[in-house]
Amino acid sequence: MLGYLGGGVAAYDEASRITLLNPAFETLIGCAPGSVRPGMSHREVLTMQVERGEFDNTDAALAVAEKMERDRSQRSVRVRERPNGTVLRFESHPMPDGGFTVEVNDITALKRAEDEARRRAALLDGVLEALPHGVVVFGPDRRTVMANRAYRRLLGESAVRIGESLAEVAERRVAAGEFSRDTAAQLMARHLGPAERAGEPIRRVRPDGTAVVTRAGRLPDGGHIAVVTDITALH
């Protein structure tokens with residue numbers, strides 16, 4: 001059963017010596033098949049990895065060993081990238097007899113996907129902040145999840161607050177004199193009504209004389225986006 005596992009597993013006794021391991025454990029940590037054997041200490045295994053070039057900093061590797069041996073009564077998780085680019089996740093669990101187990105899993109694909117997602121999110125954030133148009137996003141619950149710099153600049157005190165519902169935004173703007181009741185009802189109907197009407201532009205002149213046009217669009221998750229453009233010069 002251990003031989004068929006894709007992840008690596010090793011059990012250590014209270015003296016931090018291996019009592020059991022599977023073939024995947026050796027492969028994942030960069031050791032030659034058959035080189036890691038029961039009876040070897042955790043430090044000996046780590047030293048073997050250092051000799052095979054798995055760690056750039058020997059002192060750091062030994063410091064990890066000391067910490068792990070000292071804290072083996074506590075569950076711990078760490079992630080390390082091997083020299084070949086493989087990203088491993090190590091999880092240590094204490095055992096009732098005073099020893100501990102170590103699970104090793106290859107999370108390279110997951111790590112790469114997370115890195116790409118972060119890159120795309122950062123790119124999107126950069127694009128939204130650079131746009132001259134105000135953008136606000138509402139989640140499926142009709143509460144605001146983000147608003148870009150241009151939106152906050154265009155609407156000032158009337159800009160949304162993160163977590164605020166669409167109804168609360170409309171009511172607050174009515175109270176501040178930003179909206180009339182009719183305008184608020186019109187915008188609510190446009191945002192919450194049929195999808196084909198969401199993109200129809202609504203033009204209005206704000207109390208400070210700024211003229212804006214607002215368009216809305218539905219998002220795949222059930223939320224929606226509103227885009228506000230300053231058309232004062234055109235008006």
Side-chain angles (χ1 to χ4, degrees), residues 77-79 81 85-87 89 91 105-235:
V77 177
R78 63 187 179 90
V79 174
E81 183 171 346
T86 303
V87 181
R89 183 180 188 270
E91 187 167 347
N105 288 287
D106 184 341
I107 60 167
T108 307
L110 176 61
K111 181 67 165 56
R112 299 290 181 263
E114 289 176 344
D115 290 346
E116 177 63 13
R118 278 192 290 268
R119 186 192 69 80
R120 288 173 178 263
L123 176 62
L124 178 59
D125 286 345
V127 169
L128 288 174
E129 287 302 296
L131 282 176
H133 306 280
V135 178
V136 61
V137 178
F138 293 86
D141 59 356
R142 300 296 181 261
R143 291 189 176 276
T144 56
V145 294
M146 71 82 62
N148 71 348
R149 183 183 305 155
Y151 186 88
R152 296 189 295 270
R153 185 183 68 248
L154 282 171
L155 298 183
E157 293 297 321
S158 290
V160 297
R161 299 159 186 167
I162 302 303
E164 193 174 30
S165 71
L166 181 60
E168 289 169 337
V169 173
E171 191 59 38
R172 181 164 57 81
R173 289 180 179 173
V174 169
E178 176 79 20
F179 284 174
S180 66
R181 286 288 176 187
D182 288 343
T183 300
Q186 184 183 20
L187 285 169
M188 289 287 287
R190 195 63 55 86
H191 285 307
L192 303 178
E196 58 270 16
R197 293 193 59 200
E200 295 177 9
I202 295 178
R203 298 190 181 198
R204 65 186 181 89
V205 178
R206 300 183 61 228
D208 64 0
T210 304
V212 297
V213 60
T214 304
R215 291 178 174 85
R218 298 299 169 82
L219 296 174
D221 66 354
H224 68 276
I225 183 172
V227 180
V228 182
T229 304
D230 185 341
I231 59 168
T232 305
L234 177 62
H235 177 74

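What you see is a predicted model, and the numbers here were worked out from it, not measured in a lab.
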Restricting to non-hydrogen atoms, name the atom on [X] and the atom on [Y] that form the minimum distance, rounded to 0.1 Å.
| X | Y | value |
| --- | --- | --- |
| Ala184 | Ala170 | CB-CB, 4.3 Å |
| Val136 | Tyr151 | CG1-CE1, 3.7 Å |
| Gly134 | Leu154 | N-CD1, 3.9 Å |

Side chains of Met146 and Leu128 in contact at under 4.5 Å (non-hydrogen atoms): yes

Ignoring hydrogens and angles, tell me if any N or O in the side chain of [X] forms a donor-acceptor pair with the backbone of [Y] under 3.5 Å.
| X | Y | answer |
| --- | --- | --- |
| Thr144 | Arg161 | yes |
| Thr214 | Val228 | no |
| Ser165 | Arg143 | no |
| Thr232 | Ala211 | yes |

Thr210 and Asp208 side chains, donor-acceptor separation under 3.5 Å: yes

Using 4.0 Å as the upper bound for N to carboxylate O, is an ion pair formed by Glu116 and Arg119? yes

Separation between [atom1] of [X] and [atom2] of [Y], rounded to the nearest 0.5 Å:
| X | Y | atom1 | atom2 | result |
| --- | --- | --- | --- | --- |
| Arg206 | Arg173 | CZ | CZ | 8.0 Å |
| Arg215 | Ile225 | CZ | CD1 | 13.0 Å |
| Leu166 | His224 | CG | NE2 | 5.0 Å |
| Leu124 | Glu129 | CG | CD | 10.0 Å |
| Thr229 | His133 | OG1 | NE2 | 4.5 Å |
| Ile107 | Arg112 | CD1 | CZ | 9.5 Å |

Step by step, would you call Glu164 with Arg172 a salt bridge (Lys or Arg N to Asp or Glu O under 4.0 Å)? CA-CA 10 Å; Glu164 193 174 30; Arg172 181 164 57 81; 2.8 Å; yes

Give a yes or no on this: more than 12 heavy atoms of other residues, nucleotides or ligands lie within 6.0 Å of atom CZ of Arg203. no

Quick check: are there more than 12 heavy atoms from other residues, nucleotides or ligands sitting under 6.0 Å from CZ of Arg118? yes

